[in-house]
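Here the structure comes first, spelled out in structure tokens, and everything after it is commentary.
No experiment lies behind these values; they were computed from the predicted model shown.
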2 protein chains.
Amino acid sequence: MTRPTIVHLAQAAGVSPTTVSHAFSGRRYVDPDTKARIVALAQEMGYRANPTARRLRSGGGGSVALVSSMPFAVAAGPSRLGFLMEIAASAAVTALSRNTTLCLVPPLERGSQLDALDVDGAIVVEPALDDSVLDFFFERAVPVVAIGRAPGRPDLPAVDLRSAETARLLLDHLGQQGQRVGLITGSQRRNSYIEMEAVYAAFCAEKGFTPAAMRIDERGGEDEAAVAVEAFLRQTPDIGALCVPVDAFAAGALRAAAALGLSVPDDLRLATRYDGMRARLASPQLTAVNLHLDQVAETAIDMLTGLIEGRSSSPKPIAAPLLVERASSARSSR
Amino acid sequence: MTRPTIVHLAQAAGVSPTTVSHAFSGRRYVDPDTKARIVALAQEMGYRANPTARRLRSGGGGSVALVSSMPFAVAAGPSRLGFLMEIAASAAVTALSRNTTLCLVPPLERGSQLDALDVDGAIVVEPALDDSVLDFFFERAVPVVAIGRAPGRPDLPAVDLRSAETARLLLDHLGQQGQRVGLITGSQRRNSYIEMEAVYAAFCAEKGFTPAAMRIDERGGEDEAAVAVEAFLRQTPDIGALCVPVDAFAAGALRAAAALGLSVPDDLRLATRYDGMRARLASPQLTAVNLHLDQVAETAIDMLTGLIEGRSSSPKPIAAPLLVERASSARSSR
DNA sequence: GCCGGTATGCAAAACGTTTTGCATACGAGC
DNA sequence: GCTCGTATGCAAAACGTTTTGCATACCGGC
């Protein structure tokens, strides 16, 4: 009744477990007849190697974690989809094609019991400065690849999201008619915010206008952003364009504009970073950037498997970010 | 340099591995002083039990798979988010709180190497008739819980999505002003389609109008739906309302209506099933149903862990589906 | 008749835990 | 002094693989 093991199969085939193992792994020669007999018998008995035993002996093999340090249960509702999940979808596909499974790990809260987490590596999405998620894996000596560089850890293998370029793309586009451009980022210290803020500072200096930037706590999501952006716009009424990399915040900004009677894009041009459903289906549709997340996910998985197997990671570059112009930043007709 | 094992720790503490094991598991009494010493030393040495070894000895423990048989790489773009991913997010959170990890498994294509998949159970989202995903797990004697009953397998544990009620809700709403209502489902044989089609037949008989239904292959996604629905509407011009449970198809239906110069909701009232981002951010927003997917995911995880541990599954019921009225089916003003 | 090579397969030692049955020591009760 | 419970801990056997070194048999060449 119990599941057949390699010993049962070996007995049935009249050979040793060693031979059975070799027959399947191909690591040593096995007489073709013998092998055929074993395979046929395995089929018949429904034998299937126990993956746990296999990985105990052979060390690791077969699964990586995908983790975000962004709130994901906290910011309930639609915002928990999007960026992370799009990466998850691509990464799962890629991982599977590398014969690896992908474990989805929600943000680690303090006291989370994660002993069960048994992975050979981890992909951490947009780690923040001093991110405890990174420590968690370091303690366990689990190799990590970050998506988006890890602030304060220039040595950590990462897939570069090219945030500086992305920022430049957005800002140049938003300010192309001479508008004063504002910037809304998150208060968490993620590399994309940091790079964007730096590019923004340079941009302002170049154009000769005073920076108008604000940071919002990610945990508040769209609602908090709507309130905060409204206050921000009241305070800086000469802002003609707003760069809002977090799509949930951009949705909040749309609401803020509406509340103030500002028309988008005529009174306020708006653009966000991640070209996901939120950007595509907002009204008006949001100008955004194609970050090639499918490539990013694939590259991250490849780097990680490389790291796990001790190969030096090939830093396959991601295609340059691509501006996707939409109605929210259409050239003003006024 | 290598990671310390229980033997190293035992040596360092001057006890046997047995005692160390008991100190952590609490399955036998260990002198408090000894235990404290062991724990302190473990901390210092960075000892952490190897989960693989643990599960080999103790049998299973710690991970479940989430699988959809819906195309997910095939239907690229935005449609690969949504339903499955919302469930994934909730399920991952619930799973973690049960000290279990969630593996995301993309649709199994023929020949997929899934030997690495080492899970104690699986949640299959909306299985179709004769779904090969189910066979895959049966072969491996992995317990399965379905989300949405499995057609042809009334015995399979499942979380009921209450599709009949959902259908009734949508149809009654759409037909409330006497319109003739059409139905668009998927050509795959999933329980929700089957139930909806049955309710629809009864509904038509009741109201005394000829059914107008169509099935579309899911793999075509929104684009194929746009084309198909346009043809469908041309052919049955007296349709005043359309029930389109698949949100990607509903988005296609919107495009079809626009192409035909039909205004939604004035000329055509529209409603879909899953109240996700797609419904909320479409223009006009789509009337949809709150299926309580967070509850569904949590219940599925609970049933599955129950099944794995041999407990009889407690069939905690899901809250009744709730109609969320939006602009796409607003009461016609004409 | 001996040597070297190839073909085929096995025994036994890992891998790092958990679990079970047994052992020792010690104090209390008689 | 003997028995008995309780406190504490250990040895050894699992769990199901993979891996490594060794064994046997056979064949051809000298």
Point to revise | Side-chain N or O of A:Tyr29 closer than 4.0 Å to phosphate OP1/OP2 of C:dA7 | key: no
Check your understanding: If you look at every heavy atom in B:Ala300 and B:Ile123, which pair is closest and at what distance?
Key -> CB-CD1, 3.8 Å
Point to revise | CD (A:Glu139) with more than 12 external heavy atoms under 6.0 Å | key: yes
Study note, to complete from the structure: Nearest heavy-atom approach of B:Gly148 to B:Ala146 is O-CB, 3.4 Å
Exercise for review: Using heavy atoms and a sub-4.0 Å distance, could you list which residues of residues 32-44 of chain B are near DNA chain C? By number, please.
Suggested key: none
Review point. Are A:Ser192 and A:Glu126 linked by a side-chain donor-acceptor pair shorter than 3.5 Å?
Key: yes
Point to revise | Rounded distance [0.5 Å steps], CD1 in B:Ile318 versus CZ in B:Arg162 | key: 8.5 Å
**Study point:** Closest non-hydrogen atom pair, A:Ile38 against A:Ala13
**Key:** CG1-CB, 4.1 Å
Revision key, fill the gap. Smallest heavy-atom separation, B:Pro17 atom then B:Ala10 atom, equals N-CB, 3.6 Å
Check your understanding: Is the phosphate of D:dC10, meaning OP1 or OP2, less than 4.0 Å from a side-chain N or O of B:Thr19?
Key -> yes
Check your understanding: Just by protein heavy atoms under 4.0 Å, how would nucleotides 17-28 of chain C read 5' to 3' in B, S and -?
Key -> BBBBB-------
Practice item. Take atom CG of A:Asp31 and atom C1' of D:dC26, then tell me their distance rounded to the nearest Å. Key: 14 Å
**Study point:** Contact summary for A:Ala23 and A:Val30, nearest pair of heavy atoms
**Key:** N-CG2, 3.8 Å
Review point. Under 4.5 Å between any side-chain heavy atoms of B:Leu307 and B:Val145, yes or no?
Key: yes
**Study point:** Taking every non-hydrogen atom, the tightest pair across A:Arg153 and A:Phe138
**Key:** NH1-CE1, 3.1 Å
**Study point:** Rounded (10°) bend between the five-pair end axes of the helix from C:dG1-D:dC30 to C:dC30-D:dG1
**Key:** 70°
Study note, to complete from the structure: Of A:Val15 and A:Leu56, the one whose closest nucleotide on DNA chain C sits nearer the 5' end is A:Val15
